[in-house]
Amino acid sequence: MKMKMSFLILITIAITAYFSSLVSGYDLDPMQDLCVAVQDTNHSVFVNGKFCKDPKLANADDFFASGFNESGMPTPTNLGFAVNILNVSRMPGLNTLGISMARADLEPFGLVSPHIHPRATELILVLEGTIYVGFVVPDLRNPFKSRLFAKVLNPGDVFVIPQSMIHIQYNLGTTNATHLSCFNSQNPGVHMISYQLFGSNPPILDDVLVKGFQLDKKVIEHLRAQFS
Ligand SMILES: *[C@@H]1O[C@H](CO)[C@@H](O)[C@H](O)[C@H]1NC(C)=O
Ligand SMILES: *[C@@H]1O[C@H](CO)[C@@H](O)[C@H](O)[C@H]1NC(C)=O
Ligand SMILES: *[C@@H]1O[C@H](CO)[C@@H](O)[C@H](O)[C@H]1NC(C)=O
Ligand SMILES: *[C@@H]1O[C@H](CO)[C@@H](O)[C@H](O)[C@H]1NC(C)=O
């Protein structure tokens, strides 16, 4: 009897150890770009800036949004695209669900310039027009080379951009083009490469950009003027 009891205890300890090792085996993915620890709770926000509503007070409108039959705000650049974003600010019920959406409208030869979504894979469905989409990944054999995966999409075509890959969407046609993007994060984030590198405040040291991109210093100044 005593023997059986200690065997049982041993099994229990082994199972507990196994499951707690599963639980503590990895960190959760970050849900936003920056989350610096702070003592003063008056100057803090919850992850994504949102607390949760008392579930008893939730209603259908928390899970509803409209306005995606129209294009969004044009981006303040001459790239020629507008984006209409469905995020937790517009649909409070999205909070913690790990999903969001955007509608993008591109003018003829409009471009969503090279960018990254650090926290989401993106599924692109073309609704109208002809859009060239593609992403690059480092070549497995040589990280100083890269491979491009690109397609020309027409209405009804779908392309997927794996999480964190540099990618572009370009309207190849002479008419407006529209696509829907779905993200597996409520806060996918967007890092526009040229704006991040040439428009940063404070600016990145000239020599870093000169060497990093093998460009003349004058070209760096020109790029700074475009992207700042
Ligand atoms: C936070 O704000 C409350 C109310 O405004 C105030 O009473 C409290 O002292 C503040 N706490 C800190 C740490 O500043
Ligand atoms: C989009 O739908 C709204 C109603 O939700 C309507 O008022 C608006 O006119 C529609 N826009 C277009 C371009 O059809
Ligand atoms: C939601 O999208 C709007 C429009 O782009 C943006 O201003 C806002 O910061 C976003 N909110 C969150 C919580 O991501
Ligand atoms: C194309 O998009 C532009 C800018 O969003 C808009 O002003 C224009 O009316 C659109 N053209 C058509 C035919 O929908």
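Whatever order the structure lists them in is the order used to number ligands and atoms, beginning at 1.
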Qualifying residues under ring-ring contact (aromatic ring centres under 6.0 Å, His included), relative to [X], sequence neighbours excluded:
X: F63; result: none
X: F227; result: Y195
X: F213; result: F198

Give a yes-or-no answer on whether the side chains of [X] and [Y] include a donor-acceptor pair shorter than 3.5 Å.
X: S113; Y: H115; result: no
X: N154; Y: T130; result: yes
X: D139; Y: S146; result: no
X: Q163; Y: H117; result: no

Can you pull the residues with any heavy atom under 4.0 Å from ligand 4?
E107, N176
Check whether any N or O atom of K50, backbone or side chain, sits under 3.5 Å from an N or O atom of ligand 3, and answer yes or no.
no
Region of V88 engaging ligand 3 - heavy atom pairs below 4.0 Å
side chain
